[in-house]
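Reading through the structure tokens given below for one structure.
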There are 2 protein chains.
Amino acid sequence: MANKSELAKRMLKYRNVIIKLKNLGIVKVFSDNIADTSGLSSSQVRKDFSSLSIKGSKKGGYQIQYLVDRFEEILGAKNEQKVIIVGYGNIGKAIINYQNLNNDICKIVAAFDIDKEKTNSGLDTPVYHISELDSFSKKNKINIGIIAVPEEVANEVYEHMYNAGFKGILNFTRIHLKEIEGITIKTINIDLQIENLFYLVSLKEQSKDA
Amino acid sequence: MANKSELAKRMLKYRNVIIKLKNLGIVKVFSDNIADTSGLSSSQVRKDFSSLSIKGSKKGGYQIQYLVDRFEEILGAKNEQKVIIVGYGNIGKAIINYQNLNNDICKIVAAFDIDKEKTNSGLDTPVYHISELDSFSKKNKINIGIIAVPEEVANEVYEHMYNAGFKGILNFTRIHLKEIEGITIKTINIDLQIENLFYLVSLKEQSKDA
DNA sequence: TAGATTGTTAATCGATTAACAATC
DNA sequence: TAGATTGTTAATCGATTAACAATC
């Protein structure tokens, strides 16, 4: 289960790293180089490449341009995609700011909120009332969205989006959204990560004292 | 390796979920309830609780107040902690906005940037020149920081913070920062998550067509 | 008692790593 | 050739799950 998702994550890492190496003017790389820059083991790099039918030459390593091409082929050309966000509170706004800057991966083309006071179609990222979500996403063929609403309504919004035909959701709330057949969910829980960091650091400090 | 970190992550999840259940007025829970709300299996909940010496009663489940107390004991009281952020560009600003809102976990008390034009000690979150990082963090006993600088300088900033005695780093760049003895790193790569989501969704759509 | 749930052990599952033959 | 690196298989490692005895 974690399988596909983890490999996919590594694939994206590989592509990013490879593009960076190419930009540095490097022409060929060894599994070791890629391992170092991506924080993985060389065994894993070779294993993944092998499973993706990416060929290297013994002794010669991998041609960087070939890698770039292969990954583009496998992952699809990297063209900007459109997403919408539900929830135009402070967090929603912060995400919009974060995302729409120096980012060629995706663009948040609209926000939706239940509060009519917040709607404003004159902004760079227009804000519509939630009741317009279905028609907007259908019209613009958008099926991936971000949830940045208060926890209490996260599941409700999730269901709404599911019914509206969304296929992918990026969840910024602390609530666990149960994955239903036909929809993929990713959760980014920044608070949890920070808490986790604090906890791990405190653990280390304790064990050092002991 | 992933071990400790994964368990820690689940522990934080447990605490969050348990507090929510308590706030709903629930008095006792079964491993099943916790599994559902946290997206884990009941086996795992029982196993984790067991390894944390958290006792339930057969048939009676777990007393919620007891759970709250135990987790507080284990994880430490949840009091706000201070962090700083390096990088006061758009992303840094977005993170500051995100973090300092409705969040009792941590507070970003200062930002640092190399650009003197950006320094401004009059803001809610004051911005200082990077040269003041060492003295500020020492004076305020801060050893956890966020990196939100351009990729090219991420490793440089990382080294700087390491030398300044930082113990934990939350990395918002796409660069892999190699963990050194004595410092813990968490990376939050929002772009990668979104890319990943797009990729997984497209995979599913393809397999459906086939 | 009958039914339900914990606590724990054993089985499974899968991911990662080690190792090395093939070979450039 | 000698040395180095891939590609792949086998071994390891650990995490998750299943199952069930204990027991409330």
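Here is how names work: the chains are called A, B, and so on, in the same order as the sequence lines, proteins then strands, and each is numbered from 1.
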Distance alone, cut at 3.5 Å: any donor-acceptor contact between the side chains of B/Lys28 and B/Ser57? no

Rounded to the Å, how far apart are B/Leu52 CG and C/dG7 P? 12 Å

Go through C/dT16, D/dC20, D/dA18 for me and flag the one nearest to the B/Arg46 side chain. D/dC20

Using distance alone, with no hydrogens and no angle criterion, decide if B/Thr184 and A/Lys204 have a side-chain donor and acceptor under 3.5 Å apart. yes

Check: B/Asp113 side chain, B/Tyr88 main-chain N or O, donor-acceptor pair, under 3.5 Å: yes

How do A/Ser50 and A/Gly60 order along DNA chain D: which one's closest nucleotide is nearer the 5' end? A/Gly60

Pick base, sugar-phosphate or nothing for B/Gly61, based on heavy-atom distances below 4.0 Å to the nucleic acid. sugar-phosphate

Short side-chain N/O contact to D/dG7 OP1/OP2 from A/Tyr62, under 4.0 Å: yes

Residue whose closest nucleotide on DNA chain C lies nearer the 5' end, A/Lys59 versus B/Asp32: B/Asp32

Return the angle between end axes of the helix from C/dG3-D/dC24 to C/dC24-D/dG3, with five pairs used per end and rounding to 10°. 0°

Ring geometry between A/Phe136 and A/Phe112 (parallel below 30°, tilted from 30 to 60°, perpendicular above 60°): perpendicular

Send over the distance from B/Glu6 CD to D/dG14 C1', rounded to a whole Å. 12 Å

Rounded distance in Å - NZ (A/Lys47) to C1' (C/dA15): 8 Å

Interatomic distance, A/Phe30 CZ vs D/dG7 C1' [rounded to whole Å]: 15 Å

Indicate, with a heavy-atom threshold strictly under 4.0 Å, whether A/Ser42 touches base, sugar-phosphate, or nothing. nothing

Is there a donor-acceptor contact under 3.5 Å linking the side chains of B/Lys82 and B/Asn140? no

Would you state whether a donor and an acceptor, one from the side chain of B/Lys58 and one from the base of C/dT6, lie under 3.5 Å apart? yes

The test is side-chain contact (heavy atoms from CB on, under 4.5 Å); show your working for A/Asn97 and B/Tyr98 and say whether it passes. CA-CA 10 Å; A/Asn97 278 330; B/Tyr98 181 96; over 6 Å; no

What does B/Ser57 touch in the nucleic acid at a heavy-atom separation under 4.0 angstrom: a base, only the sugar-phosphate, or nothing? sugar-phosphate

D/dC24 P sits how many Å from B/Lys28 NZ, rounded? 15 Å

Can you tell me the distance, in whole Å, between the CD atom of B/Gln44 and the P atom of C/dA10? 20 Å

Could you state the atom-to-atom distance from CZ of A/Phe49 to C1' of C/dT16 in whole Å? 16 Å

Quick one about B/Gln65 and B/Asp69 (side-chain donor to acceptor, distance below 3.5 Å, no hydrogens or angles considered), yes or no? yes

Between B/Tyr62 and B/Phe49, how do the two ring planes meet: parallel, tilted or perpendicular, split at 30° and 60°? perpendicular

Considering only heavy side-chain atoms of A/Ser41, the closest of D/dT8, C/dT17, D/dT17 is C/dT17

Under 4.0 Å between a side-chain N/O of B/Ser43 and OP1 or OP2 of D/dA18, yes or no? no

Grab the CG-P distance between A/Asp48 and D/dT6 for me, whole Å please. 14 Å

